[in-house]
2 protein chains.
Amino acid sequence: MGRSGRFSADLGTDGDEVCRTLAMSSELEALRQRFIERAGQITQSIGIGRVIGQSFAHIYFSPEPQTLDDLTQALQISKGSASMSVRQLEQWGAVRQVWIKGERKDHYEANDDFGRIIRRALLDLIGRRMETTDTLLEDSEAYIERGNGAPRDPERAFMERRIKKMRHFRDRAQHIWDSSVLRLLLK
Amino acid sequence: MGRSGRFSADLGTDGDEVCRTLAMSSELEALRQRFIERAGQITQSIGIGRVIGQSFAHIYFSPEPQTLDDLTQALQISKGSASMSVRQLEQWGAVRQVWIKGERKDHYEANDDFGRIIRRALLDLIGRRMETTDTLLEDSEAYIERGNGAPRDPERAFMERRIKKMRHFRDRAQHIWDSSVLRLLLK
DNA sequence: GAGTTCGTTCAATCCGTATTGAACATATTG
DNA sequence: CAATATGTTCAATACGGATTGAACGAACTC
């Protein structure tokens, strides 16, 4: 009988759920809760939603791979939330799906290489934003270029200076971003 | 009469306002608007509110120092918003107050040293967050330390590994933060 | 000192976005 | 194939934080 006993009908509703997380000492469990709560606060404060952080922390601090149902129960969130948060985490490589023989639900375990996770997330969140501002800067430079022989008014000269400063900063920021920050975080 | 003409009663409502910003070519003005809008989008997306970015961009792209009233009119925001955003910008050194002889309103001009501005803002926004997580990590380590001679259960050993990994990452992040990122941005 | 002009504050409100959950799609079982 | 179990989607909603604006205080004017 053993492992396959989970299919016996007499257990009723969700009798198999109790085995997913072994009982922890209450103090250890309290710390675990605090980590989860804190992770939620962090992700919320950087604007990617509370459940993302909570979900990751829950999986990270679970010895066994966790299912969506585990998340809905542990964090008191909806099925939809659990699904979306896990998919986002997967996209950043923060969790990976593991197959457990004989189980139908999807199980997820945490990646503990934080450097890679944050690198991917930052690339995703910030990387694309830099591009969108470029067109505006280029339009401005085109405008300046175009009117180079035109009569000089102070208004125009002022804008020219400001735009050049922006370009200068933008290029330096790009350089720092590309060469330093990401490389440092990775290894 | 000239400059003091602003006190003459016949001008009524806000006749003096028209002189604050010289008329720009409509194309230049359009670019200016796009910069302001874009700045608002950026600051909003990083979670510090839209008006902060808009206010800074407006001041940055104005040849003359700007007043709170200028902001409320140009950005269509309330007096309160203008006041709060400028105070925040001042705290980060993004704008500074300048005194204009014979004027009662406060005037602000933009700092164009973006490196310093961002450095200060990041220190303010992120710096303090790192501290708050520390206590939790320290509590966890204290717990581990305390029970060092106790009977080993796998649950506990697992948590111990995870907490150690967190600590390791946390220290490295702190190091990168302190030594690299801020220094790079500054000069 | 009464009357203005400005800047600040903070409770009330508004708005955007995170979250929900019912409906749907897909896979699995007997 | 019907029945069940699971994951996903997205329109509706709920919630939190941004924004407002009335009330206040401070500084100035006559």
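Reminder, nothing fancy here: chain letters follow the sequence lines and each chain counts from 1.
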Atom [atom1] of [X] and atom [atom2] of [N]: how far apart are they, to the nearest Å?
X: B/Gln91; N: C/dT8; atom1: CD; atom2: C1'; result: 14 Å
X: B/Ile48; N: D/dT19; atom1: CD1; atom2: C1'; result: 16 Å
X: B/Gln88; N: C/dT8; atom1: CD; atom2: C1'; result: 15 Å
X: B/Leu75; N: D/dT19; atom1: CG; atom2: C1'; result: 13 Å

Item to check | Note, B/Asp69 side chain near B/Lys105 side chain (heavy atom, < 4.5 Å) | outcome: yes

Checklist outcome for this item: Applying side-chain contact (heavy atoms from CB on, under 4.5 Å) to B/Ala74 and not counting sequence neighbours gives B/His58

What side-chain donor-acceptor pairs closer than 3.5 Å can you find for residues 40-52 of chain A, not counting sequence neighbours?
unit_1  : atom_1 : unit_2   : atom_2 : d
A/Gln41 : OE1    : A/Arg38  : NH1    : 3.3
A/Thr43 : OG1    : A/Ala39  : O      : 3.1
A/Thr43 : OG1    : A/Gly40  : O      : 3.1
A/Thr43 : OG1    : A/Gly49  : O      : 2.9
A/Thr43 : OG1    : A/Gly53  : N      : 3.2
A/Ser45 : OG     : A/Ile42  : O      : 2.9
A/Ser45 : OG     : B/Arg129 : NE     : 3.4

Item to check | Listed partners of A/Gln97 passing side chain to side chain donor-acceptor pair (under 3.5 Å), at least two apart | outcome: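 With sequence neighbours excluded, A/Gln97 shows a side chain to side chain donor-acceptor pair (under 3.5 Å) to A/Asp106, given in chain and number order.
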
Item to check | A/Arg96: partners by side chain to side chain donor-acceptor pair (under 3.5 Å), with sequence neighbours left out | outcome: A/Glu109

Checklist entry - Hey, which of these two, A/Gln76 or B/Gln44, hits DNA chain C nearer its 5' end, going by closest nucleotide? => result B/Gln44

Checklist outcome for this item: Note: for B/Glu90 and A/Ile77 on DNA chain C, the residue whose nearest nucleotide lies more 5' is B/Glu90

Checklist entry - Once each nucleotide of nucleotides 3-10 of chain D is scored for protein heavy atoms under 4.0 Å, what B/S/- sequence comes out, 5' to 3'? => result --BSBBBB

Next on the checklist: My understanding is that only residues two or more places apart in sequence, or in another chain, count here; which of them pass salt bridge (Lys or Arg N to Asp or Glu O under 4.0 Å) with B/Arg104?
Outcome noted: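 B/Arg104 satisfies salt bridge (Lys or Arg N to Asp or Glu O under 4.0 Å) with no other residue.
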
